[in-house]
K.L.:
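Take this structure first; my questions come after.
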Amino acid sequence: MGGAVSDELWSSLAVDRIDEWERGFAERAAQAKALAERSAQLSATGRAGDGAVEVTVDSNGQLTGVRLEEEIRRQPAATTARQIMAAVRAAQADLVRQYGQVTAETVGADSETGKAVLAGLNARLAAGDGE
């Protein structure tokens, strides 16, 4: 009879463990979905040249807008080019900061998912630097 009680106890513990695992999985899936939805809406703006250059990047760090003040006509094109690149880097840095915040609020920045998301973003941005 002792074996039957033991089997019932183990069976009950196994079912509890499976239920706990399913709840954890469902929670992580909901967090990952929230991260995906929130991060897809992100964009960032960077400025340089005392605001003469302003750029916007989308959630992937890709350039989606450039605004140049008329005053840039009075400077060398090389200066404007450097300012555009500086503004892009500033926008991308802000995007990384925003991703970090959203990741921390959803899946946790120290979670495996959080680390993977941030590493993926940094890799995409680094790949874009060579273009």
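Any value given below was found using the heavy atoms of this structure, including those in side chains, with hydrogens, waters and symmetry copies removed. Numbering of residues begins at 1 and proceeds along the displayed sequence. Please read these numbers as outputs of a predicted model, since none were measured by experiment.
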K.L.:
Check whether Asn60 reaches the backbone of Gln62 with its side chain - one donor and one acceptor, N or O, closer than 3.5 Å.
P.N.:
no
K.L.:
Taking all heavy atoms of Ser111 and all of Gly114, pick out the closest pair and write down the distance.
P.N.:
OG-N, 2.9 Å
K.L.:
Kindly give the heavy-atom pair with the smallest separation between Ser59 and Ser39, and that separation in Å.
P.N.:
CB-O, 3.1 Å
K.L.:
Looking only at heavy atoms, which two atoms of Gly46 and Ala90 are closest? And how far apart?
P.N.:
CA-CB, 4.1 Å
K.L.:
Can you spot which of Thr103, Thr106, Val107 makes a side-chain contact (heavy atoms from CB on, under 4.5 Å) with Val117?
P.N.:
Thr103
K.L.:
Got a sec, which pairs hit salt bridge (Lys or Arg N to Asp or Glu O under 4.0 Å) with one end in residues 71-88, sequence neighbours left out?
P.N.:
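Checked against salt bridge (Lys or Arg N to Asp or Glu O under 4.0 Å) - neighbours excluded - the pairs reaching residues 71-88 are Glu70-Arg73.
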K.L.:
Going from CD1 on Ile84 to OG1 on Thr79, what distance comes out if it is rounded to the nearest 0.5 angstrom?
P.N.:
11.0 Å
K.L.:
Is Met85 reachable from Val66 through a run of I, L, V, M, F, W or Y residues, each pair having side-chain heavy atoms under 4.5 Å apart?
P.N.:
no
K.L.:
Under a 4.5 Å side-chain heavy-atom rule over Ile, Leu, Val, Met, Phe, Trp and Tyr, are Leu68 and Leu63 clustered together?
P.N.:
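Linked within one cluster.
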K.L.:
Can you tell me how far CD1 of Ile72 sits from CZ of Arg67, rounded to the nearest 0.5 angstrom?
P.N.:
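Reported to 0.5 Å precision, the distance equals 10.0 Å.
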K.L.:
In chain order, what residues pass the salt bridge (Lys or Arg N to Asp or Glu O under 4.0 Å) check against Glu27, with sequence neighbours excluded?
P.N.:
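Counting only residues at least two positions away or on another chain, Glu27 forms no salt bridge (Lys or Arg N to Asp or Glu O under 4.0 Å).
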K.L.:
Output the distance between atom CD (Gln92) and atom CG (Asn122), rounded to the nearest 0.5 Å.
P.N.:
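Going from the CD atom of Gln92 to the CG atom of Asn122 covers 10.0 Å.
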K.L.:
If you measure from OG on Ser43 to CD on Gln98, what distance do you get to the nearest 0.5 Å?
P.N.:
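Spacing of OG (Ser43) from CD (Gln98) equals 6.5 Å.
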K.L.:
Which pair of non-hydrogen atoms, one from Asp94 and one from Ala44, has the smallest distance, and what is that distance?
P.N.:
OD2-CB, 3.6 Å
K.L.:
State whether the side chain of Thr56 and the backbone N or O of Thr64 hold a donor-acceptor pair below 3.5 Å, judged by distance alone.
P.N.:
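The answer is no, because no donor-acceptor pair under 3.5 Å joins these two groups.
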K.L.:
If you measure from CD on Gln101 to CG on Leu42, what distance do you get to the nearest 0.5 Å?
P.N.:
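Rounded to the nearest 0.5 Å, the CD-CG separation comes out at 9.0 Å.
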K.L.:
Which pair of non-hydrogen atoms, one from Gly61 and one from Leu125, has the smallest distance, and what is that distance?
P.N.:
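Answer, listing the atom of Gly61 first, then Leu125: CA-CD2, 3.6 Å.
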